[in-house]
Novice: 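Please read through the structure below; I'll follow up with questions.
Note that the numbering runs from 1 along the sequence shown for the chain.
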Amino acid sequence: MLQKLSIKNIALIESAEISFSYGLNVLSGETGAGKSVILESLNFVLGAKADKTLIRNGESECSVTAEFDVSTSSATKKVFSDFDIDVDDYLIITRKFNLDGKSSIKINGNSATVGMLKKFTSNLVDVHGQSEHFYLLNESNQLDLIDKLGYESNFKIKEKLQTQYSEYKKIISSLNALGGDESQRLVKLDILNYQIKEITEADIKEGEEEELLNVRQKLQHQEKIVTALNSIKSAINDEGGVSDILSNANKISSSICGFGNDFANLDDRISNVGAEIDDICDSVQNLLDGFDFGEYDADYIEDRLDLIKKIKRKYGKDFNEISEFLQKAIVEKENLENFNEVARDLLIKKKEKETVLYNLYNELSSLRKQTSKDFAVRVVNEFKELGMQNGQFFVRFNEFPDIESCKFESDNGVDEVSFMFSANLGENVKPLSFVISGGEMSRFMLAIKAQTAKCNEISTFIFDEIDSGISGVIAKVVAEKFAKIALDTQIIAVSHLPQISAMADTNLLISKHEHAGRTITKVKTLTEKEKISEIIRLVGGEIESVSAKEHAIDLIDKAIKYKKSIKKSD
């Protein structure tokens, strides 16, 4: 939900910080006070096209910051991951725009594009009259909503579809791996034969490269190694060398070892060192005796290492990867050589799987159509309650294909839907995207929300112009529907109706003032007392009128009782 909106230098607003609550937030104020500026600011930070006319006169730059609580929005958290931004329970968006036409966007401190911004906000806010943020103008979202309305039955079928479609894709991949037409298969077979022959003839053994590298290193430094080993041997065995010195020391220690344990231990240690030195000398001699690389051909070693390097570059970074490549190539070669038999089996499986998918597509489509029919009836009933007695609504489906013409390209069926709507008698029903009237769209969305609030992932819904052409009983109905929707979804509504203002959980007053020769717009969160005064203004009463005040208090009391009643029933 939207928690805070900070606006700077937008139109008449020099600086404003607006806090929104969960539930119903109602913005009211005199005509021309700047309520539309609040919505323009919100659309701007959500990703709408920027315009220099947004910038307050005399300023060079404007900015808007929106802060959202997204702790319960799995869709938004997925977008965080998709863009490799640390997942957080809060989303803070800042967008700036200057007179040079340059814009900058920050998402949780990270620079972002407008495209990235829309990815985040499309799942959070639905602004009824703005095509960029009106969630249900996207027909894929309309189909998704129908599935959510279908609850468990639709999702069970979709789960089956996903499993079957995954298996179908594996069959298609196997068919594609067979190599296409005959000429393509022959080319592929030639390549595979060459690769298999090259790897097989190379006959690389596991650990061979490491052994050859070791031998090459010894060959390159054999003179230095032999000289060093002989020097070690001489230092130990020559007259006066380490062996003679230790032997003399051992004789001396033996002469005193009987005088106490300390001397005996010393004698043992000298004896042990002598034994270790003798062992080292034997090891040096063994290395010298075995240091004969006459059997190795230096050219052979270099040629062999070059071949191994070439094979690794083409087929894998080590022996295991090369072996794995060879085995796959052999299997693929056998499949190509036995193409007709393998392809026949796969084509049979493909046909069988398409029949299964088609039946699931058909079953899912039937469920969707029944769900849509029931949904449309409920929405039309909502229209009547909202004063649109002649409102029409239905969900149009594309023609379902026969199995021969069906394209098996999705695990979501083949349905395409469009929400069709008409508000007035004599008007043709049109797709939702062609509905222009803000008031009609607001009431349409209110009807939709009244039926779908609990299954919609959008966390904030914006209503503007919903007052158009309604009053009295219908105003009360609209207020009550707002209250019901606001149990599950945050609502921000611009309204001139006292019934809606009375129902608000948070009231925000937009006012216009003159200061230092300039006009500025201010936003104020109303106290309970100020709320009463605003409702008196909305009903056209005098502030000092006792009856007007009683009427305002009565509206608020009835609203409070209604909200308590729906919370209990919910």
Side-chain angles (χ1 to χ4, degrees), residues 81-82 84 161-222 225 287 290-357 407-411:
S81 298
D82 290 344
D84 199 25
L161 252 177
Q162 288 167 0
T163 300
Q164 294 297 323
Y165 188 73
S166 176
E167 294 174 4
Y168 177 73
K169 291 292 287 182
K170 290 177 182 177
I171 294 170
I172 298 299
S173 295
S174 297
L175 277 168
N176 292 337
L178 290 179
D181 61 31
E182 186 175 3
S183 62
Q184 290 174 318
R185 290 196 302 277
L186 289 174
V187 170
K188 183 65 174 174
L189 197 57
D190 281 345
I191 293 171
L192 287 168
N193 281 326
Y194 174 81
Q195 291 172 331
I196 292 168
K197 182 181 179 184
E198 186 173 35
I199 296 173
T200 304
E201 289 183 349
D203 192 26
I204 298 170
K205 303 293 189 297
E206 188 170 7
E208 180 183 1
E209 184 181 26
E210 291 76 10
E211 182 181 348
L212 288 171
L213 288 169
N214 185 40
V215 170
R216 182 176 69 175
Q217 186 179 45
K218 289 179 179 178
L219 280 172
Q220 290 172 342
H221 302 94
Q222 59 181 328
I225 293 170
L287 288 171
F291 204 81
D292 181 9
F293 290 95
E295 61 183 286
Y296 289 98
D297 184 336
D299 290 337
Y300 167 80
I301 290 173
E302 293 303 324
D303 290 344
R304 189 66 182 162
L305 285 170
D306 286 343
L307 176 61
I308 292 172
K309 184 177 180 180
K310 174 185 173 184
I311 296 296
K312 283 172 64 180
R313 186 173 61 249
K314 295 172 72 173
Y315 304 115
K317 70 176 185 294
D318 55 32
F319 176 82
N320 290 333
E321 283 193 9
I322 295 168
S323 298
E324 186 178 343
F325 183 96
L326 176 62
Q327 293 307 311
K328 287 182 178 178
I330 292 170
V331 170
E332 191 173 354
K333 173 177 177 284
E334 291 173 350
N335 286 338
L336 285 172
E337 289 173 340
N338 300 299
F339 171 79
N340 290 332
E341 181 180 346
V342 175
R344 184 171 60 250
D345 290 343
L346 285 172
L347 287 169
I348 290 171
K349 290 179 181 178
K350 176 176 176 285
K351 193 70 175 176
E352 291 173 346
K353 193 62 69 177
E354 285 177 347
T355 301
V356 172
L357 286 173
K407 295 181 179 179
F408 299 95
E409 298 175 342
S410 171
D411 63 0

Novice: Could you check whether any side-chain heavy atom of Glu167 comes within less than 4.5 Å of a side-chain heavy atom of Thr163, counting everything from C-beta outward?
Specialist: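 Answer yes - side chains close enough.
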Novice: Quick check for you: to the nearest 0.5 Å, what is the distance between Asn338 atom CG and Lys333 atom NZ?
Specialist: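 Atom-to-atom, Asn338:CG and Lys333:NZ are 9.5 Å apart.
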Novice: Using the side-chain contact (heavy atoms from CB on, under 4.5 Å) rule, take Ile322 and Leu326 through it: C-alpha gap first, then chi angles, then the decisive distance, then the call.
Specialist: CA-CA 6 Å; Ile322 295 168; Leu326 176 62; 5.6 Å; no
Novice: Do the side chains of Glu354 and Lys350 get close enough for a salt bridge, i.e. N-O under 4.0 angstrom?
Specialist: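 Between Lys350 and Glu354 there is a salt bridge, with a charged N closer than 4.0 Å to a carboxylate O.
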Novice: Does NZ belonging to Lys314 count more than 12 external heavy atoms closer than 6.0 Å?
Specialist: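 Yes, the 6.0 Å shell around NZ holds more than 12 heavy atoms from other groups.
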Novice: Calculate, to the nearest 0.5 Å, the distance between atoms CG and CD1 belonging to Asp203 and Ile311 respectively.
Specialist: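 Answer rounded to 0.5 Å: 11.0 Å.
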Novice: Would you check if the side chain of Tyr165 reaches a backbone N or O of Glu409 as a donor-acceptor pair within less than 3.5 Å?
Specialist: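 Yes, the answer is positive, given that a donor and an acceptor are paired below the 3.5 Å cut-off.
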Novice: Quick check: closest heavy atoms across Leu346 and Leu175, and the distance to 0.1 Å?
Specialist: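 For Leu346 and Leu175, the tightest heavy-atom pair comes out as CB-CD2, 3.6 Å.
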Novice: Does atom CG of Asp190 have more than 12 heavy-atom neighbours, drawn from other residues, nucleotides or ligands, at distances under 6.0 Å?
Specialist: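 Yes, enclosed.
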Novice: Mind checking the OG-CD1 spacing from Ser166 to Ile171? Nearest 0.5 Å is all I need.
Specialist: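 Going from OG on Ser166 over to CD1 on Ile171, the span is 10.0 Å.
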Novice: Going from CG on Leu161 to OG on Ser410, what distance comes out if it is rounded to the nearest 0.5 angstrom?
Specialist: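 Output value for this atom pair is 8.0 Å.
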Novice: Between Glu209 and Lys309, is there a salt bridge with N-O shorter than 4.0 Å?
Specialist: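 No, no charged N to carboxylate O under 4.0 Å.
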Novice: Do Tyr315 and Gln195 have side-chain atoms, one donor and one acceptor, less than 3.5 Å apart?
Specialist: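 Checked: Tyr315/Gln195 side chains show no N/O donor-acceptor pair below 3.5 Å.
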Novice: With Lys317, which residues qualify under salt bridge (Lys or Arg N to Asp or Glu O under 4.0 Å), at least two apart?
Specialist: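 Checked Lys317 against salt bridge (Lys or Arg N to Asp or Glu O under 4.0 Å); matches are Glu321.
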Novice: Ignoring hydrogens and geometry, is there a side-chain-to-backbone donor-acceptor pair from Thr200 to Ile196 under 3.5 Å?
Specialist: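 Flag set: sc Thr200 to bb Ile196 pair under 3.5 Å.
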Novice: Which value, rounded to the nearest 0.5 Å, describes the distance between Lys169 atom NZ and Ser174 atom OG?
Specialist: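 Here the interatomic distance stands at 12.0 Å.
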Novice: State the CZ-CD distance between Arg216 and Gln220, to the nearest 0.5 angstrom.
Specialist: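 Answer rounded to 0.5 Å: 5.5 Å.
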Novice: So Lys312 and Asp318, side-chain contact (heavy atoms from CB on, under 4.5 Å) or not? Walk me through it.
Specialist: CA-CA 6 Å; Lys312 283 172 64 180; Asp318 55 32; 5.7 Å; no
Novice: Are Ile330 and Glu334 close enough that some pair of their side-chain heavy atoms sits under 4.5 Å apart?
Specialist: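 Touching, per the 4.5 Å side-chain cut-off.
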Novice: Answer yes or no: does atom CD of Gln217 have more than 12 heavy-atom neighbours from other residues, nucleotides or ligands under 6.0 Å?
Specialist: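 Count not over threshold, so no.
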Novice: Give a yes or no answer on whether the side chain of Glu208 reaches the backbone of Lys205 with a donor-acceptor pair at less than 3.5 Å.
Specialist: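 Such a contact is found between Glu208 side chain and Lys205 backbone.
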Novice: Ile308 versus Leu212: any side-chain heavy-atom pair under 4.5 Å?
Specialist: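 Answer yes - side chains close enough.
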Novice: Is there a side-chain contact between Leu192 and Lys188 in this structure, where contact means two heavy atoms from C-beta onward sitting under 4.5 Å apart?
Specialist: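 Heavy-atom side-chain distance check passes, below 4.5 Å.
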Novice: Do Lys310 and Glu198 make a side-chain contact, defined as non-hydrogen atoms from C-beta onward lying under 4.5 Å apart?
Specialist: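 Result yes, sub-4.5 Å side-chain heavy-atom pair found.
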